[in-house]
Amino acid sequence: MKYNLFSIICNLFNLLLPRYCAGCGTRLTAEEQKLCLGCLVKMPRTWLWRSPEDNALARIYWRRTGNVEVERVVAHFSYISDGIVSNIVATLKYRGNKMLARHMGQLMAEELKATGVFDGIDCLVAVPITLRRRVTRGYNQAEQLARGVSRVTGLPVIKKVLRRVTFETSQTYLTGHEREENVARSFMLDMRHAHKLQGKHVMLIDDVITTGATTRACASLLAEIPDVRVSILALATAQSNGLRIVVDS
């Protein structure tokens, strides 16, 4: 009886205040959360977690991350322009949908928790954004993704270790080399909090990896902390700059 009453209330609420899928814009049923079933099925998985230490994305960190050996690199979805995942990313970054970011973190972690990607990880650190961006957007989307991952895995989110101190221009339309230069002086390690990560295996969380310039800069700073190990998890990766991701349909 209680369950039936709850279902009636949910259906009534959904009728009066309809919700729409962040991926395709269709109206959600009372049972669907943030995304419709069709989008959940269609979103292209990269399957990079099948070999997190050696895959197409991980190899760009082997070549260009300087003083740190990044152990695992996984992006869950493939980012394709004008696709479901790109719509989701635009919504969580530019349309103020904080809870969508947290929901996507949970979805990602639920699908990955049995794969071994989180084995041995001690904590999560989100790629920071500038104070100006945080004020404008109202939240850091990478931090909300990390909180979603934390809710599923139980791993703590460690804040304030990394800071974004400058942001000269948007990364969106830059070449790989220009991205490297743009982020070279954009981050700093806050030594007042860095000791929290000493001896830890840190998983760095970001929304989208394209060339990897941002996460490489963060990983290199984390490597300055004694006995730190670094792995990287992103919601999505773009197929750009020669990167070839095999996507299963």
Side-chain angles (χ1 to χ4, degrees), residues 6-46 74-80 82-113 117-118 121 123-160 162 164 172 203-209 214-215 232-238:
F6 179 76
S7 298
I8 292 171
I9 292 172
C10 286
N11 287 322
L12 180 61
F13 184 82
N14 201 45
L15 179 66
L16 297 174
L17 294 172
R19 301 168 301 120
Y20 298 92
C21 174
C24 66
T26 60
R27 186 166 175 170
L28 296 172
T29 67
E31 292 77 22
E32 293 171 331
Q33 298 183 41
K34 309 298 181 185
L35 299 171
C36 69
L37 180 60
C39 283
L40 282 173
V41 172
K42 292 176 185 176
M43 283 190 297
R45 274 71 171 174
T46 65
V74 172
H76 195 51
F77 299 106
S78 183
Y79 183 102
I80 302 170
D82 300 318
I84 296 169
V85 177
S86 65
N87 290 340
I88 291 170
V89 171
T91 299
L92 64 88
K93 288 182 73 169
Y94 305 119
R95 295 170 196 156
N97 201 326
K98 177 179 179 179
M99 295 312 297
L100 174 62
R102 193 169 294 192
H103 178 77
M104 294 308 297
Q106 286 183 244
L107 172 64
M108 182 165 57
E110 285 168 357
E111 293 191 3
L112 292 177
K113 64 182 179 181
V117 166
F118 299 110
I121 300 295
C123 59
L124 310 172
V125 171
V127 170
I129 58 175
T130 61
L131 178 60
R132 181 173 59 115
R133 285 256 173 108
R134 181 182 279 274
V135 170
T136 301
R137 191 171 294 161
Y139 60 94
N140 174 2
Q141 72 279 359
E143 183 181 317
Q144 295 306 314
L145 285 169
R147 290 193 179 282
V149 172
S150 176
R151 182 170 293 180
V152 173
T153 63
L155 295 168
V157 180
I158 307 299
K159 298 172 61 177
K160 300 181 180 180
L162 292 173
R164 192 149 203 165
T172 306
M203 180 162 275
L204 190 62
I205 306 290
D206 203 4
D207 54 356
V208 180
I209 295 174
T214 296
T215 43
I232 296 171
L233 174 64
L235 178 65
T237 185

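One-based numbering along the sequence shown.
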Under 3.5 Å, is there a donor-acceptor pair between the side chain of [X] and the main chain of [Y]?
X	Y	result
Arg102	Gln141	no
Asn140	Val127	yes
His103	Gln33	yes
Tyr94	Val89	no
Thr46	Phe77	no
Arg137	Lys93	yes

How long is the straight-line distance from [atom2] of [Y] back to [atom1] of [X], given to the nearest 0.5 Å?
X	Y	atom1	atom2	answer
Thr130	Arg164	OG1	CZ	7.5 Å
Ile80	Thr237	CD1	OG1	11.0 Å
Leu40	Leu107	CG	CG	6.0 Å
Ile88	Asp207	CD1	CG	12.5 Å

Practice prompt. Just do the side chain to side chain contact (heavy atoms under 4.5 Å, CB included) check on Lys34 and Met99 with the steps written out, would you?
Written response: CA-CA 9 Å; Lys34 309 298 181 185; Met99 295 312 297; 3.7 Å; yes

Practice prompt. Carefully, step by step, assess Cys21 and Leu35 under the rule side chain to side chain contact (heavy atoms under 4.5 Å, CB included).
Written response: CA-CA 5 Å; Cys21 174; Leu35 299 171; 4.1 Å; yes

Taking the side chain as every heavy atom from C-beta outward, state whether [X] and [Y] have any atom pair closer than 4.5 Å.
X	Y	value
Val74	Met108	no
Val117	Met203	yes
Leu92	Gln144	no
Glu111	Arg45	yes
Ile232	Asp206	no
Leu145	Leu233	no

Response to the item:
Smallest heavy-atom separation, Ala22 atom then Leu100 atom, equals CB-CD2, 3.6 Å

Practice prompt. Grab the two heavy atoms, one from Ile121 and one from Cys123, that are nearest each other, plus how far apart they are.
Written response: CG2-O, 3.5 Å

Worksheet item: Which residues pass the salt bridge (charged side-chain N to carboxylate O under 4.0 Å, His left out) test with Arg151, sequence neighbours left out?
Response: none

Worksheet item: Quick one: salt bridge (charged side-chain N to carboxylate O under 4.0 Å, His left out) partners of Lys159, sequence neighbours excluded?
Response: Glu143

Item to complete: Any pair with a residue in residues 82-92 that passes side chain to side chain donor-acceptor pair (under 3.5 Å), sequence neighbours left out, goes on the list, sorted by first then second residue, please.
Response: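 Listed by first then second residue: Thr91-Arg95.
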
By side chain to side chain contact (heavy atoms under 4.5 Å, CB included), which residues pair with [X], not counting sequence neighbours?
X	answer
Ala234	Ala75, Ile209
Lys42	Ile84
Leu131	Val135
Ala109	Phe118, Val149, Val152, Thr153

Fill in: Set of side chain to side chain donor-acceptor pair (under 3.5 Å) partners for Glu110, sequence neighbours left out
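Scan of Glu110 (side chain to side chain donor-acceptor pair (under 3.5 Å), adjacent residues dropped) gives none.
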
Item to complete: Give a yes or no on this: more than 12 heavy atoms of other residues, nucleotides or ligands lie within 6.0 Å of atom CD of Glu32.
Response: yes

Worksheet item: Run the side chain to side chain contact (heavy atoms under 4.5 Å, CB included) check on Ile205 and Val157 step by step: do they pass?
Response: CA-CA 10 Å; Ile205 306 290; Val157 180; over 6 Å; no

